[in-house]
Amino acid sequence: MPENLAIVHHAIFFRLTPEQATQAKTLDAETPGQGWTCFADAGVREAGWVSHWAPGTNETLLDPKYGHPIPSGSQLVMQVHYNTLGGTGSDQSGIRLRVTDKALEPLGTALFPGKVELPCTAEESGPLCNRKAAIADIGRRFGDESMRSADELAQLCGPSDPGPTQHCDLPIEGPGTMHALAGHMHLLGRSIKVELNPGTPKAQTLLDVPSYNFDDQALRPLKTPVQVKPGDTVRVTCTHDASLRAQLPQLQNLPPRYVVWGEGTSDEMCLGIAIMSR
């Protein structure tokens, strides 16, 4: 339930076990003001991703035999990224849950990230058009962990030439069933696709958004749930367009930059999000 839509970039709700909740309380107590800083996750390792909101997201109901388990003593923590380019003001976003004490088959969230290697356009120039300088700028804004993301994704996804379209092949590590998917990019995103076992007789397209709209990031339920197993491969492919920077009011007054994975709205992401059961 986002309150200030002008500035809420996304919200993610993580489930903390009682032990993790104790860690979170320590983090909170050690951090001035309310809450604590956590750009890439909940700030508590291994916290379970339960739900998220991004622009265009509404409630998505799946088969009622499934649900996210919240054992006794657990807590939910809300991580919010604010887009200060979009506006100002306060925010008191929250969440409304459907709950039951019935035993349901547990759901979880799987993330399939892809790299972003988007150079400045031929018409642009400036110090941040250098990849190394752009990554250092991410570190200045968001810290060392965020600064490492671009090179970690480049290593995970393998070599490719910089350019608008990049893909990443990721192995399935355990058996499961996919029920719904969403794609997340930022303002330079043009298209995103998530495929299962591409280039093989078993190939399936799980998500295809040929005209990406940042304001419509809703989960897309699969017509039929898809079984996956170890040995399968998920490919996420994203296309970004650096020329949009000159057209978008939120970005056109910012210095041009070589765009890689980063938390800022002026940075980019390439992320497939899958709701799964096991």
Side-chain angles (χ1 to χ4, degrees), residues 39-40 110-139 141-142 144-173 181-214 217 228 230-246 248 251 254-274:
F39 283 115
L111 305 178
F112 300 100
K115 64 182 178 180
V116 181
E117 297 286 341
L118 185 66
C120 290
T121 68
E123 293 75 29
E124 295 175 318
S125 63
L128 293 179
C129 288
N130 174 274
R131 183 181 187 274
K132 185 176 180 179
I135 291 176
D137 182 63
I138 287 176
R141 288 180 286 138
F142 302 119
D144 290 345
E145 184 174 355
S146 293
M147 185 172 65
R148 291 192 293 267
S149 295
D151 287 336
E152 289 172 351
L153 283 167
Q155 183 175 6
L156 176 68
C157 300
S160 66
D161 293 331
T165 300
Q166 302 285 330
H167 78 268
C168 192
D169 289 346
L170 302 162
I172 293 291
E173 297 180 350
L181 289 97
H184 178 65
M185 300 187 290
H186 294 172
L187 299 179
L188 302 181
R190 282 291 196 186
S191 66
I192 182 169
K193 179 184 286 188
V194 180
E195 302 167 273
L196 180 65
N197 297 318
T200 74
K202 301 183 296 180
Q204 296 184 61
T205 297
L206 303 174
L207 176 73
D208 188 9
V209 184
S211 182
Y212 178 78
N213 179 357
F214 182 81
Q217 299 183 53
V228 297
D232 288 337
T233 297
V234 170
R235 173 177 292 177
V236 56
T237 303
C238 292
T239 296
H240 297 87
D241 184 352
S243 71
L244 292 175
R245 184 163 40 223
L248 296 170
L251 302 182
L254 299 179
R257 68 175 60 242
Y258 186 113
V259 177
V260 293
W261 181 286
E263 274 72 33
T265 305
S266 60
D267 305 309
E268 269 302 336
M269 290 189 180
C270 172
L271 182 64
I273 303 168

Students often mix this up, so state it plainly: with edges at 30° and 60°, are the rings of H184 and F214 parallel, tilted or perpendicular? tilted
Do you know which two heavy atoms are closest between P119 and P162, and how far apart they sit? CG-CB, 3.7 Å
Check this for me: E152, atom CD, are more than 12 non-hydrogen atoms of other residues, nucleotides or ligands nearer than 6.0 Å? yes
For S146 against F39, the heavy-atom pair lying closest together: OG-CB, 4.0 Å
Looking at E123, E124, E268, which hits salt bridge (Lys or Arg N to Asp or Glu O under 4.0 Å) with R245? E124
Is there side-chain contact between M269 and E263, with at least one heavy-atom pair below 4.5 Å? yes
Nearest 0.5 angstrom please: E117 CD to C270 SG, how far? 11.5 Å
Can you tell me how far the CG atom of L248 sits from the OG1 atom of T265, to the nearest 0.5 Å? 11.5 Å
Looking at every non-hydrogen atom in both residues, tell me the closest pair between A203 and P198 and how far apart they are. CB-CA, 4.1 Å
Taking all non-hydrogen atoms of both residues, which atom of A242 and which atom of T121 are closest, and how far apart? CB-CG2, 3.6 Å
A side-chain contact here means heavy atoms from C-beta on lying under 4.5 Å apart; do S266 and R257 qualify? yes
OG1 (T165) and CG (L118) are apart, to the nearest 0.5 Å, by 9.5 Å
Which is it for I273 and L111 under the side chain to side chain contact (heavy atoms under 4.5 Å, CB included) test, yes or no, and what are the steps along the way? CA-CA 5 Å; I273 303 168; L111 305 178; 4.1 Å; yes
Between OG of S211 and CD1 of I192, what distance do you get to the nearest 0.5 Å? 13.0 Å
Out of curiosity, R148 CZ to W261 CH2, how far, rounded to the nearest 0.5 Å? 15.5 Å
Within-4.5 Å side-chain heavy-atom neighbours: L170 and P113: yes
Shortest non-hydrogen contact from Q166 toward S160: OE1-OG, 2.5 Å
Would you say the side chain of R190 lies within less than 4.5 Å of the side chain of P164, judging by non-hydrogen atoms? no
Tell me if the CG atom of D161 is crowded by more than 12 foreign heavy atoms within 6.0 Å. no
Could you work out, with ring-ring contact (aromatic ring centres under 6.0 Å, His included) as the rule, every residue matching H167, not counting sequence neighbours? none
With a 4.0 Å cut-off on N to O distance, would you call D151 and R131 a salt bridge? yes
By side-chain contact (heavy atoms from CB on, under 4.5 Å), T233 pairs with (sequence neighbours left out) D169, N197
With a 4.5 Å cut-off on side-chain heavy atoms, are L188 and L251 touching? yes
Looking at SG of C120 and CG of L128, how far apart are the two atoms once the value is rounded to the nearest 0.5 Å? 8.0 Å
Would you say K115's side chain and G158's backbone share a donor-acceptor pair under 3.5 angstrom? yes
Short N-O contact, D137 and R141, less than 4.0 angstrom: yes
With a 4.5 Å limit on heavy-atom distance, are the side chains of I135 and V260 in contact? yes
What pairs with F112 under ring-ring contact (aromatic ring centres under 6.0 Å, His included), at least two apart in sequence or on another chain? none
Sub-4.5 Å side-chain heavy-atom contact between V116 and H240: yes
Side chains of K202 and D232: closer than 4.5 Å at any heavy-atom pair? yes
